Amino acid sequence: MSLPITRKSDFGLIGLAVMGQNLVLNVESRGFQVSVFNRTTATTDEFVAAHSDKKLVGAHTLVDFVQSLATPRKIQIMVKAGGPVDTVIEQLIPLLDQGDIIIDGGNSLYTDTERRDAYLSEKGLRFIGAGVSGGEEGARKGPSIMPGGPLSTWDVMKPIFESISAKVDGEPCVTHIGPGGAGHYVKMIHNGIEYGDMQLICEAYNIFKSAGFTAAELGEVFSSWNSGDLESYLIQITAEIFKQIDPETGKALVDLILDTAGQKGTGKWTIMNAVENTVVISTINAAVEARILSSMKDKRVAASTELQGPTASITGEKAVLVKKVHDALFASKIISYAQGLDLIKTMGAEKNWGLDLGKIAAIWRGGCIIRARFLNDITDAYRSNPELSNLMLAPFFTKLLNEFQQNWREVVSLATLNGIPVPAFSASLGYYDSYRAAVLPANLLQAQRDFFGAHTYERTDKPRGQFFHTNWPDVIG
Ligand code: 6PG
């Protein structure tokens with residue numbers, strides 16, 4: 001039975017794919033009336049019919065959709081990032097009134113968001129680029145939302161965003177991130193960190209697999225980790241994945257899934273931005289590259305019989321290995337977040353976005369894919385020292401890294417000696433050892449630069465800022 005709709009809707013959503021549908025149901029469940037529009041009309045009709053007990057208005061045309069909304073209109077677009085977002089915006093512009101708000105809730109590139117923000121504000125329309133994380137379930141029950149745009153527009157959207165978002169200790173997992181593209185930027189880094197987390201888990205899995213752990217045993221290991229300091233959504237779903245049996249063969253499903261990873265682009269965007277900002281995010285970099293290497297299945301299969309390496313043979317007490325890999329994983333994870341947050345801090349300062357890392361960490365504690373117990377500790381670290389230069393140097397994390405570093409080294413060594421690729425574990429350890437090195441071999445590098453290009457160097461026995469050049473021997477003859 002359809003409810004009689006007698007008033008204009010509080011919120012509108014365009015794009016009824018899975019995320020869009022779940023967000024609509026979430027918004028409606030908080031007491032708002034929602035209008036929906038989808039390019040394929042049948043999808044709209046089916047969706048509204050399937051939820052006829054809810055306060056939904058299905059529109060067949062954009063004109064009807066826009067007319068069904070109370071002003072200032074609040075319209076969220078949930079379509080594929082890129083061209084489709086521009087297409088929908090162009091279709092909406094002539095139908096909207098000054099002050100209406102368009103929210104792009106997809107994984108848009110932050111520079112696209114900045115362009116759209118400027119374009120729409122010239123037309124008197126308001127725009128919010130909001131990263132939304134949490135997948136289908138998060139969208140329905142409470143995602144983490146990262147909105148960027150003018151503060152005045154955030155104030156209008158706040159009641160809806162706060163009511164639909166996940167909550168941790170009563171705090172909504174949404175905050176005004178900053179102006180312009182700041183929201184989509186922070187979502188992009190969230191995704192880069194997500195790539196890092198996933199790759200680190202996969203490397204732990206690979207070591208365990210080489211040590212003879214079955215999928216069932218791995219289910220137990222990850223379940224136990226999820227009851228401890230590594231507790232997180234990704235560890236939790238990994239435990240469930242190991243327990244999943246393929247109904248067709250009776251085998252563990254994970255063992256039947258082809259080892260080639262996909263990616264839609266946010267990880268690549270993250271590393272491109274890190275290079276532009278001269279910030280090291282080697283763990284995320286390794287994670288993106290690991291996906292690329294995984295996708296080269298045929299080349300890897302061909303090389304596997306040509307290029308030599310040891311046959312993995314990991315013996316010893318399984319419980320001991322579990323503890324060591326735990327420490328390596330946790331330490332690497334701290335590094336990955338330290339790098340991602342460093343990039344956010346650097347970019348935020350560059351763009352004058354006024355980002356608050358404590359608030360960003362706080363809204364990642366719930367709803368999103370990277371939600372994890374240790375985000376409470378990250379939040380605390382930035383709340384007690386907003387100027388923290390690097391997460392590794394927050395006392396809580398320094399202590400953990402000092403405690404884990406020996407096992408971390410042993411795991412990287414063990415994997416390397418056994419020919420098991422651990423690019424993200426070792427990139428993280430390399431970052432840790434480089435960052436804590438009072439002296440690096442860059443003296444030699446500077447000499448090389450001065451040798452071939454007269455690029456000059458500073459000296460250890462002279463004040464900083466004085467540059468020297470040596471007339472090196474002529475090697476060409
Ligand atoms: C989220 C996810 C979601 C999606 C990404 C990653 O926060 O809900 O990050 O946005 O999983 O697009 O996708 P790829 O792994 O395909 O790049």
Side-chain angles (χ1 to χ4, degrees), residues 15 17-23 26 76-82 84-85 103-110 112-113 129-148 161 164-166 168 173-175 177 181-202 232-238 241 257-274 281 283-295 333 336-337 340 343-344 360-372 375 424:
V18 187
M19 284 291 283
Q21 291 195 11
N22 282 296
L23 268 176
N26 183 354
Q76 181 144 343
I77 306 176
M78 293 300 290
V79 300
K80 204 169 164 342
V85 175
I103 304 128
D104 172 16
N107 271 328
S108 290
L109 183 59
Y110 75 94
D112 284 344
T113 302
V132 179
S133 178
E136 266 178 73
E137 203 190 346
R140 177 67 184 89
K141 296 181 182 159
S144 174
I145 311 175
M146 292 150 255
F161 280 159
I164 65 169
S165 72
V168 173
C173 292
V174 59
T175 188
I177 299 286
H184 273 138
Y185 180 81
V186 166
K187 175 59 169 48
M188 177 183 84
I189 306 299
H190 164 284
N191 281 24
I193 290 174
E194 173 186 304
Y195 274 54
D197 274 346
M198 293 168 81
Q199 175 61 21
L200 292 169
I201 291 173
C202 290
S232 61
Y233 173 72
L234 285 168
I235 293 282
Q236 183 190 10
I237 65 163
T238 303
I241 290 167
I257 296 177
L258 191 70
D259 56 330
T260 60
Q263 55 182 319
K264 293 201 207 75
T266 47
K268 280 194 267 182
W269 297 343
T270 305
I271 60 178
M272 284 157 68
N273 177 261
I281 55 160
T283 312
I284 297 169
N285 209 347
V288 173
E289 290 177 350
R291 288 200 194 189
I292 297 169
L293 279 160
S294 82
S295 69
K333 187 175 164 83
S336 183
Y337 282 68
L343 181 54
I344 292 180
I360 291 169
I363 65 160
W364 287 348
R365 290 177 303 163
C368 62
I369 302 297
I370 66 169
R371 63 184 181 262
L375 274 158

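Start at 1 and go down the list; that is how both ligands and their atoms are numbered. What you are looking at is a predicted structure, and each value in this text was computed from that prediction instead of being measured.
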What residues sit with at least one heavy atom under 4.0 Å from ligand 1? N107, S133, G134, G135, K187, H190, N191, E194, Y195, Q263, K264, R291, I369
Between S165 (side chain only) and I145 (backbone N and O only), is there a donor and an acceptor less than 3.5 Å apart? no
Please check if the side chain of R291 supplies one atom and the backbone of V288 the other of a donor-acceptor pair under 3.5 Å. no
Report yes or no: does S144 contribute a side-chain atom to a donor-acceptor pair with the main-chain N or O of I363 at less than 3.5 Å? yes
As a quick check of understanding, evaluate side-chain contact (heavy atoms from CB on, under 4.5 Å) for W364 and M146, giving each step before the final call. CA-CA 9 Å; W364 287 348; M146 292 150 255; 3.5 Å; yes
Side-chain polar contacts of residues 130-143 - donor-acceptor pairs under 3.5 angstrom, sequence neighbours left out - could you list them?
residue, atom, partner, partner atom, Å
S133, OG, H190, NE2, 3.2
S133, OG, I369, N, 3.1
E137, OE2, K141, NZ, 3.2

Applying side-chain contact (heavy atoms from CB on, under 4.5 Å) to H184 and D104, what does each step give before you reach the verdict? CA-CA 9 Å; H184 273 138; D104 172 16; 3.5 Å; yes
